Amino acid sequence: MASKVVLIRGKGVLKEGGDIDQKKLLNMYNRGIQILMDKQNPKDGLRLIFQRSDKVGIKINTIGGRKLSSRPEVSFSLAGLLQESGIQQKNIIIWDRTNRELREAGYGLNLNRSGIKVYGTDTKGVGYDSQLTSHLNIGSLFSSIQSSKITASISLAILKDHGMAGVTAGMKNYFGAIHNPNKYHDFNCNPFVAELFETKLIKRKHKLTILDSLIVQYHRGPSYHARWAEKYEALIFSLDPVAVDHVGWQVIEKLRAKKGLASLKEEKRAPVYLKTAEKMGLGKANPEEIQIIEEEV
Amino acid sequence: MKRRQFFKTAGGTTLLASTGMMNRTSAFPALLMDFYALGGEANLSKVEARYYKKHPDREIECTLCPRLCKLGDKERGYCGVRENIGGKYYTLVYGKACSIAADPIEKKPLFHYLPKSSALSIATAGCNVNCKFCQNWEISQVRPEQVQNYDLLPRAVVETAQKYRCPIIAYTYTEPVIFFEYMYDTSVEARKKGVRNVVITGGHISPEPMEDLTKVVDAIKVDLKAFSQDFYTKYVRGELQPVLEAIKIVHKSSAWLELVYLVIPTLNDSSDEIRKMCQWIMKEIGPDVPLHFSRFVPMYLMKNLPPTPVSTLEKVHKIALDEGIHHVYIGNVPGHSAESTYCPNCKNNVIERKGYSIGKIALKGGRCKYCNNPIPGIWI
């Protein structure tokens, strides 16, 4: 059976001046979940993915600063949908590596017992596990958010070109859940992205990938360069972590071709970790086995 | 950790500070909790790094080590302690020691360099390889914000060495190459005050910085982790050839050189590999460079192998002697006769060692007291 990937375009979701059209953004989310889960009501769709009792982590990527991170509007809209589906507000954590990066991306930190929590692993009392997680070529300490504060995880990742990995998207976003991501960038991050994802702390908890593709950095990533950043205005959804990243890769390749840039393959930095992930049974990286549903809202 | 905890004594070693994500010594039960309680802004430096090239679009290429990391803005190198910030490359650990202790020089090990001396030993977080058997992974395989760092600029390091009567500063525990600027500047300061400098390194460094380093330090011990690229690829995540080149550079310099080879059962202990390495040593750097075969103990990501049998260590020790190397040692086996130094001419024991304890020293003016044969090393 093919893996479904839903690509929702929302022309105008990024308004002149950079603000977000909240209504359009919400429509994009609703339509994405509806199509992905085959449910008229997105709340029902989310209920098929999450238990009411789940503690849901929304792992965002804020390394790119304010211009190339998931904006608070994007994360909180998703958190709002989760709430509507029955997840308690206090059981939703929007998180990343550091509080500094979260603040620089425009987030206000919240560690209160009530309310949607927003904080980094470096928060006092949070930190990394004391025991190593060892799996194949991976030997890392996990953020205690990923290991013990959540029961289900959403990778809400920015879609970006990456100088070493080729593409950074939903799977590689979990590099921000460990203490030593710098050790896993050799060989185009292969097999490390796939092997990290296969650790039980990620594989068992990961439920949904959403690629924040409102702005896509298609060249010279992962840092922001206005010259190669496309206002793409899309969200890409899938339950298959490999298929959605594969589709993200193709988006980047199309943008690169449109701008006359060499393909990632030609630059010897195609995201080969996707094939590895497929071989490990984590999802589909064969286009013939991926059903892409594209819609404009 | 509070300042008042700065000075502690553990196991006969004056330990000034030692922080990590986990603690190996029971003398520091509270440190792990302290780490978790850190929070807030990390105590990092922002000192421009040496040995890098600037590229268009705020990209840089680090040339300090053979990895040659190419990094975009806001990215860190493999070492985790050097970051591209807006197209300029910075070391985040300059003057940020995470581990400080006074050790016997024999612990490094440096056996032919000022025996019985005490070395003020410092490290920062980070490493440019990822050995699966690392004994200090809690500080080497982490980012500097994940350990507690002490502000200790070069001059303060030298003053601390003098205060505790350490004639030597050792750059050690993690991989000093990654805190090159800190090590280099401290070495320059130390020399001004008559304090000597020794480096304990894996030798995974580019030729230019290694040549520069040899001009300001007095001794370098290189961990040659195996004699096959396959081992370096699988278990070190590094390259063998640059390490061999670095060894040759040190040998040609005025710095004293010793080699350590950690013998890991079934992975790098074949007679053939050991013999080839010894033949390379004889050809490239000669018989007088001391060679230490150390015993492996299960650690970090390599807990599935047993400690090295003493018989294996004795086997490789014999191979090295048979190949003509004059000073071959067995390490991490306290009390073994191969801890001592023997005159290659008359075979008498000229420096007795048991663990880190030194017994009689039968040297006079750097020569064997029994037969007057010169014993290579730095003795005064």
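Chain letters run A, B, ... following the sequence lines, proteins first, then strands; residues in each count from 1. It should be emphasised that the depicted structure is a prediction, and the values quoted were computed from it without experimental measurement.
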Worksheet item: Thinking salt bridges, do B:E61 and B:R67 make one under a 4.0 Å N-O criterion?
Response: no
Fill in: B:F133 ring center within less than 6.0 Å of B:F296 ring center
no
Worksheet item: Between B:D57, B:L71, B:L301, B:D73, which shows the greatest number of heavy-atom pairs under 4.5 Å with chain A?
Response: B:D57
Discussion item. Shorter than 4.5 Å, heavy atoms on both sides: which option in A:T98, A:N180, A:I63, A:T121 has the most such pairs with chain B?
Written reply: A:I63
Worksheet item: Any idea how B:Y300 and B:W137 line up, ring-wise: parallel (<30°), tilted (30 to 60°), or perpendicular (>60°)?
Response: parallel
Discussion item. Over 60° means perpendicular and under 30° means parallel, so tell me whether A:H246 and A:W249 are parallel, tilted or perpendicular.
Written reply: perpendicular
Worksheet item: Which atoms of A:F187 come close to chain B, meaning under 4.5 Å heavy atom to heavy atom: side chain ones, backbone ones, both, or neither?
Response: side chain
Item to complete: Please flag which part of B:C79 lies under 4.5 Å from any non-hydrogen atom of chain A: side chain, backbone, both or neither.
Response: backbone
Fill in: Which of B:K70, B:K132, B:R58 touches chain A most, by non-hydrogen pairs under 4.5 Å
B:R58
Worksheet item: Do the side chains of B:P298 and B:P307 get nearer than 4.5 Å, heavy atoms only?
Response: yes
